[in-house]
Protein chains: 2
Amino acid sequence: MQRLLAHISKFVELTEEDKETILSIMQYQQVKKKEYLLRQDAVCNANYFILKGCFRRYYIDEKGTEQTIQFAIDNWWITDYDSLERRAPSEYFIQAVENAEIAVLDKRVQEDLFSQVPAMERYFRLVLQRAYAASVQRIRYIYDFSGEERYNHFSNLFPEFLQRIPQYMLASYLGFTPEFLSKIRAKKI
Amino acid sequence: MQRLLAHISKFVELTEEDKETILSIMQYQQVKKKEYLLRQDAVCNANYFILKGCFRRYYIDEKGTEQTIQFAIDNWWITDYDSLERRAPSEYFIQAVENAEIAVLDKRVQEDLFSQVPAMERYFRLVLQRAYAASVQRIRYIYDFSGEERYNHFSNLFPEFLQRIPQYMLASYLGFTPEFLSKIRAKKI
DNA sequence: CTTAAAACTTAATCAAGTTCAAGAAAAGAC
DNA sequence: GTCTTTTCTTGAACTTGATTAAGTTTTAAG
C-alpha cells in the first residue's frame, strides 16, 4: 500500500494522520489472472488503484467481439466513472490480465475519505485532469496515425508490455483487428 | 454569469458568500467570432467556461490541415489542461466559432479560488470525471461506427448545431475529410 | 453591386484495413 | 505427456474512406 501513498504524495501533501486515514479506509486485495472487478450490467461499486499487475476494461460489441477500451498498469486507477457516479448498470467488464494487487476505494466510503482528507479531492481532480488529457491525446493518435504507426508507437513506448498481453486485446485497444496486427508483425520479420 | 453559478450549483452546494467569491475571482468577457483564447506555442493561462456561443480546439497536422479535436458550447469548460498544468507551450488553438460570452478562471487565481471555496475543487473533480468518461465514450464511437454512422449520430444529437459550424470543422472532429462529409450529405438528398 | 476569398461538391483513382475461412502454434488442464 | 482450448497466422475478395484536382456555391469586403 506504500505505492499508493507514494503516488498520492506526488500530487498533494499528506500528513501522517492523512496517511493512516487513507490506509484505514481503503482495502488491500489480491486478484488472480482473469478475475473480474466488474461485469456488464452490474453497478460499479468502487475505484481501483493498481499496486502491481495489469487490468483491462472491455465491452462486447454488436458482433459479440470483446473490445478493450482501456489498459491500466501499476499506479493507475481503473473504474467505470459513469456507472460509479450515476449508480447505473455498466456496459463494461474490468478484468485482471495477470495476477495483481490492488487498493480498493469503495463508493460507500469515498465521501468519508474526502471529508476526512480534503487533499484527496484535489488529488482526484489532478488525476482526472491527466486521464482526460491522455484520452484526448489518444483520439488524436487515432486520427493522425495509421494502424501500423500506432502499433509501432505503442511497442516503442511499452516494449515489455507486448509480451504480457494477448495480441487480440492489443489489437482492439489500438482500433483494428487481430488479423491486421498479425500482418503488421509479419512485415517486420 | 448567473449561468455559471447555476451550473456549479448542479454539482455542489454554494453559500451566498461562495457565489460572491466566485464572481469576484472570475472575469466576464465577450469574444468575437474567430478570436483566439489560445494559440499554438503559447502557454495556456486560464480555464474558460462558455456562457453563450461556441468554441473549438484545433491543431495543425503534418500536412498543414486544421484538425478540430474538441467543440465546446454553453455550459462547458474549454482549455488545454496539459499546457495549463505543466506551464508548457500548447499544441492547440482555441478559437471562437461564433460570437460568444465566457467566464475566465485565470491560472494565477485558481488556487485562491480553491482555498476560499473548497467546494470548487469538488466541482472540478466531478466535471473532469464527466469529461473523461465522455472522451472514452468518443473513442468507442470512433472504433464501433463508420464515418457515416458517426455523422448520423451527431446530426441526430445536435441538429441545430449543423447549421452553426462549417462542414470542414465537423469533418475533422468526426475523423474524416470534408470531401467524404460532402458525399454522405449527397446520399441523403 | 462587384470582386475576392472561403466553403462546398463531384468524380476518378488508390491505399488501408476488414471479413471470411482454414490451418498452425502455444498454452493450460488433467 | 497428451488433449483441449486459446491464440495467432495467412491469403483472397471486398469495403471504407483518402487523395487529387477541377469546378461551383456561398459569404464577406470594399
Side-chain angles (χ1 to χ4, degrees), chain A residues 32-36 54 56 58 60-68 71 93 95-99 139-155 161-189, chain B residues 32-36 54 56 58 60-68 71 93 95-99 139-155 161-189:
Chain A
K32 291 236 176 71
K33 186 171 176 175
K34 296 204 176 168
E35 276 183 11
Y36 288 93
C54 175
R56 66 172 178 143
Y58 71 90
I60 311 274
D61 68 13
E62 329 81 67
K63 287 166 201 144
T65 311
E66 293 178 4
Q67 299 290 344
T68 298
F71 281 116
F93 297 83
Q95 186 191 38
V97 176
E98 53 191 32
N99 292 338
I139 291 171
R140 194 173 150 170
Y141 271 113
I142 295 166
Y143 283 175
D144 280 5
F145 299 114
S146 69
E148 182 166 3
E149 288 169 324
R150 296 202 297 280
Y151 173 78
N152 291 337
H153 181 254
F154 188 93
S155 59
F161 204 62
L162 287 188
Q163 268 67 50
R164 285 161 61 187
I165 53 173
Q167 284 181 37
Y168 73 92
M169 289 184 195
L170 178 59
S172 68
Y173 177 76
L174 292 175
F176 45 71
T177 59
E179 290 89 343
F180 186 60
L181 177 48
S182 211
K183 277 170 204 172
I184 294 171
R185 284 166 51 91
K187 276 212 263 181
K188 313 266 160 199
I189 312 163
Chain B
K32 290 235 176 73
K33 186 173 174 173
K34 295 202 176 170
E35 276 183 12
Y36 288 93
C54 175
R56 66 172 178 140
Y58 71 91
I60 311 275
D61 69 15
E62 327 82 68
K63 287 166 202 144
T65 311
E66 294 177 2
Q67 299 291 345
T68 297
F71 282 115
F93 297 84
Q95 186 191 38
V97 176
E98 53 193 30
N99 292 337
I139 292 171
R140 193 173 152 170
Y141 271 112
I142 296 165
Y143 283 176
D144 280 6
F145 299 114
S146 69
E148 181 166 3
E149 287 170 324
R150 296 202 296 279
Y151 173 79
N152 291 337
H153 181 253
F154 188 93
S155 60
F161 203 62
L162 287 188
Q163 266 69 52
R164 286 159 63 184
I165 53 174
Q167 283 181 37
Y168 72 93
M169 290 184 194
L170 179 58
S172 68
Y173 177 76
L174 292 177
F176 45 72
T177 58
E179 290 88 346
F180 184 61
L181 178 48
S182 212
K183 269 191 218 171
I184 294 172
R185 285 166 50 91
K187 276 213 260 180
K188 317 263 162 204
I189 310 160

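Within every chain, numbering begins at 1; the chains are lettered A, B, ... in the order of the sequence lines, protein sequences first and strands thereafter.
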DNA chain D contacts made by residues 162-174 of chain B, counting heavy atoms under 4.0 Å: none
Closest non-hydrogen atom pair, A:Gln67 against A:Asp61: NE2-OD2, 2.9 Å
Check: B:Tyr173 main-chain N/O paired with A:Tyr143 side-chain donor or acceptor under 3.5 Å: yes
Ring center gap for A:His153 and A:Tyr141 short of 6.0 angstrom: yes
Protein-nucleotide distance (B:Lys187, atom NZ; C:dT9, atom C1'), rounded to Å: 16 Å
Nearest atoms (heavy-atom pairs only) where B:Phe154 meets B:Leu170: CE2-CD1, 3.6 Å
Whole angstrom value for the distance that separates P of D:dG17 from OH of B:Tyr151: 15 Å
What protein N or O atoms touch nucleotides 25-30 of chain D N or O atoms at under 3.5 angstrom, if any, and at what distances?
none

Which atom of B:Phe145 lies closest to which atom of B:Arg150, heavy atoms considered: O-NH1, 2.8 Å
Main-chain N/O of A:Tyr151 paired to A:Ser155 side chain as donor or acceptor, under 3.5 Å: yes
Heavy-atom pair of closest approach, residues B:Phe180 and B:Gly147: CE2-CA, 4.2 Å
Base-contact (B) and sugar-phosphate-only (S) positions in nucleotides 16-22 of chain C, heavy-atom cut-off under 4.0 Å, - elsewhere: -SBBB--
Test log, rule side-chain hydrogen bond (donor to acceptor under 3.5 Å, both in side chains), inputs A:Tyr36 and A:Gln95: CA-CA 4 Å; A:Tyr36 288 93; A:Gln95 186 191 38; 3.3 Å; yes
A:Arg164 to A:Val97 - nearest heavy-atom pair and separation: O-CG1, 4.1 Å
Below 4.0 Å: OP1/OP2 of C:dC8 and any side-chain N or O of B:Arg185: no
Sidechain-backbone polar pair: A:Asn99 side chain, A:Lys33 backbone, donor-acceptor under 3.5 Å: yes
Whole-Å gap separating C1' (C:dA29) and NZ (A:Lys34): 12 Å
Integer-rounded Å distance: D:dT19 P and B:Glu62 CD: 10 Å
Residues A:Phe71, A:Phe161; criterion ring pair (Phe, Tyr, Trp, His ring centres under 6.0 Å); working and verdict: CA-CA 11 Å; A:Phe71 281 116; A:Phe161 204 62; 5.6 Å; yes
